[in-house]
Structures are given as C-alpha cells and as structure tokens.
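Down below is the structure, laid out as structure tokens.
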Amino acid sequence: MGYRLAGRKAKEEKTVIRVGNTVVGGDHLTIIAGPCAVENRDRYIQAASQLKKMGVQMLRGGAFKPRTSPYAFQGLAVEGLEILAEAKRVTGLPIVTEVMDTRDVDKVAGFADVLQIGSRNMQNFILLKEVGRVNKPVLLKRGLSATIEEWLMAAEYIMAEGNSQIIMCERGIRTFETHTRNTLDISAVPAIKHLSHLPVIVDPSHAAGKWGMVAPLAKASIAAGADGLLIEVHPCPEEALCDGGQSLTPGNFAELMEEIIPVAEAVGRKCHDKVKLLVKKSVI
Ligand code: PEP
Ligand code: MN
C-alpha cells in the first residue's frame with residue numbers, strides 16, 4: 001500500500017509544524033517539558049514558570065492519564081485542562097496534552113495546542129480518525145510494541161482524514177530487556193527521516209524509566225537527528241503521583257539544556273537563543 005500521505009514520495013520538502021510562536025521540524029530543536037501529569041494548580045504553575053525561564057518551547061502535562069492500574073491516579077480531567085490553560089496564560093507557552101477518548105477530543109482540543117496520542121492508543125483507529133478531523137497538530141507516540149510501519153500507518157489514518165500536522169514521537173519499545181522501562185529505538189529517528197517528511201522527536205523519559213538515563217538518551221537522540229525532545233520534569237519527583245522515578249528535577253533539566261547545545265551544534269541543529277543566553281548568564 002505504501003505511505004500515500006506520510007511517505008517521502010508524497011512530499012519532497014520536510015513538514016514543518018507551527019505551534020504558537022514556534023515550529024517543529026525546522027532548524028531549531030523543539031524542547032517540550034513538564035510533569036507526567038497535572039497534579040495540582042500551584043505545583044503545575046510553579047513548574048511551568050521555571051521551565052519557561054529555562055527556554056522550553058512547549059509545556060506538557062496529562063489531564064487524562066492512561067494508567068496500567070485502574071486504582072492509580074487517573075488525572076484531574078477537566079480541572080487539569082483548566083490548570084494547563086492557566087499555565088499557558090502565565091507563560092505564553094503552548095500546551096501538549098493527551099486525549100484518550102473520542103468523546104473528549106473536542107474538549108481537549110479546546111485547551112491544547114498539540115493533541116497527544118499516547119502509546120497505548122496508537123492503534124485506536126477510531127481515535128486517530130477523530131483527531132484527523134481536528135485542525136490541531138498531533139503528537140503521535142509510537143505504540144509499545146509497534147513496528148515503524150504500523151506507526152507510520154497510524155499517521156496515515158490521521159492524515160487520511162485531512163490533518164497532516166503530525167509530530168512523530170519515539171518513546172521506547174518493549175523488548176526482552178528489563179533493566180530499562182522500555183528500549184529506546186534510536187534507529188527510529190533516521191528510519192522516520194528516511195521514510196517520511198514528518199518531524200520526529202524523542203521522549204527519553206518513558207524509554208528509560210530512570211531519571212539518570214534521560215540525559216544520555218536525550219543527547220543520543222539529538223545526535224541521531226531528532227527534531228526535538230519530550231522530557232518529564234517535576235519540581236519534587238519523589239512526591240510525583242506518576243512517573244517520579246523518571247522525572248528530572250528542574251536543576252537536572254537545566255544541566256541537560258546546557259549539555260545539549262554542543263551536541264545539537266555538532267549535527268547542524270540550532271538551539272533557541274534563549275537557552276544559550278540563559279546558560280551563558282548561568283541564570284538557570
Ligand atoms: C505520557 O507521555 O505521559 C505517556 C503516558 O506516555 P506513553 O504514552 O509514551 O506511555
Ligand atoms: Mn509519564
């Protein structure tokens with residue numbers, strides 16, 4: 001069948017996606033950061049303001065959380081979306097948040113600048129079609145055990161409905177290895193670049209499952225040609241309601257932002273001036 005819309009043959013030039021004042025897939029790296037979930041107002045606004053100072057381009061945070069256990073924190077739902085809206089007002093940064101249910105697509109799209117399709121929903125074809133009908137960029141995570149072909153076909157589902165603003169996101173796949181939460185498939189980055197015109201970013205947090213491995217995986221992703229990173233940052237990871245073990249503190253994140261500059265430059269990518277300036281002044 002081939003990739004009729006997502007494939008390289010469909011479009012020669014790279015797809016560059018505009019989100020608010022920034023673009024994904026251009027010369028500059030896109031850094032998206034924030035806690036796994038929106039947990040409470042004060043904590044989220046505090047984290048968002050810190051991240052803004054560190055020069056991130058977008059904020060993340062789940063209001064609807066796909067948890068393995070039905071007894072685990074499921075997210076604040078609409079209250080979480082309202083907190084995200086406040087964070088956007090305070091920082092001016094666009095919001096990336098997950099939509100899990102077709103019934104919530106319009107509601108979430110009313111708050112989000114980018115609709116995230118989580119790993120577990122990558123082959124929820126009805127949901128893919130639904131976000132395909134919305135005029136908002138979609139961050140499409142790779143399924144837990146999805147091949148590159150299945151992942152690109154999921155993008156095709158969205159595009160076939162008319163929405164071609166798709167950011168592919170590699171977040172690790174399930175393998176026999178248990179040391180890490182998932183195995184980061186770095187080869188997915190050049191593979192998507194080879195097969196498709198769509199931008200591809202990497203989420204090293206869900207791949208590693210361990211905060212100490214996030215920085216090296218993030219740097220490897222940039223070196224491999226990723227257009228950006230999605231990173232979990234929490235003001236106090238040990239108190240996080242989900243994914244605390246893989247969350248960076250704001251301090252760790254600031255260090256990472258500094259470390260990625262030479263890696264990005266070595267492969268011809270630019271970092272936003274604000275990041276460089278902050279690092280130079282050691283404000284962070
Ligand atoms: C997330 O980004 O919060 C998330 C749940 O990730 P994934 O779908 O990749 O597991
Ligand atoms: Mn998470």
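Ligands are counted one by one from 1 in listed order, and the atoms in each one are counted from 1 as well. This chain uses plain numbering: 1 for the first residue, then up along the sequence. Computation of the quantities below employed the complete heavy-atom set of this structure, encompassing side-chain atoms and omitting hydrogens, waters and symmetry-equivalent molecules.
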* **Interatomic distance, Leu128 atom CG to Tyr157 atom OH [nearest 0.5 angstrom]** => 8.0 Å
* **Main-chain N/O of Ala240 paired to Glu39 side chain as donor or acceptor, under 3.5 Å** => no
* Asked: Would you call Arg60 a ligand 1 contact, heavy-atom distance under 4.0 Å?
  -> yes
* To do: Would you mind checking which non-hydrogen protein atom is closest to atom 6 (O) of ligand 1, with the distance to 0.1 Å?
  => Lys141 NZ, 3.0 Å
* Asked: Under a 4.5 Å side-chain heavy-atom rule over Ile, Leu, Val, Met, Phe, Trp and Tyr, are Val38 and Leu115 clustered together?
  -> yes
* Asked: Does Gln57 use its side chain to pair, donor to acceptor, with the backbone of Gly55 at less than 3.5 Å?
  -> yes
* Asked: Arg171 heavy atoms, cut-off 4.0 Å: which ligand 1 atoms fall inside?
  -> 7 (P), 9 (O), 10 (O)
* To do: Tell me which N, O or S atom of Asp243 sits nearest to the Mn ion (ligand 2).
  => OD2
* the Mn ion (ligand 2) to His206: nearest N/O/S atom name -> NE2
* Phe253 and Val214: side chain to side chain contact (heavy atoms under 4.5 Å, CB included), yes or no, with the steps? -> CA-CA 10 Å; Phe253 180 73; Val214 169; over 6 Å; no
* Asked: Between the main-chain N or O of Val16 and the side-chain N or O of His197, is there a donor-acceptor pair closer than 3.5 Å?
  -> no
* Structure fact -> Filtering Glu232, Arg181, His206, Glu170 for the heavy atom nearest atom 4 (C) of ligand 1 leaves His206
* Structure fact -> heavy-atom search around atom 8 (O) of ligand 1 in the protein gives Ser119 N, 2.8 Å
* For the hydrophobic clusters of this structure (ILVMFWY residues joined by side-chain heavy atoms under 4.5 Å, transitively), does one cluster hold both Ile17 and Leu230? -> yes
* Asked: Which of the atoms in ligand 1, numbered in the order shown and given with their element, are less than 4.0 Å from a heavy-atom of Gly118?
  -> 8 (O)
* Glu98-ligand 1 polar pair, N/O distance under 3.5 Å -> no
* Backbone or side chain, does Cys242 get an N/O/S atom under 2.8 Å to the Mn ion (ligand 2)? -> no
* Should Asp243 and Lys65 count as an ion pair when the cut-off is N to O under 4.0 Å? -> no
* What N/O/S atom of Glu232 gets nearest to the Mn ion (ligand 2)? -> OE2
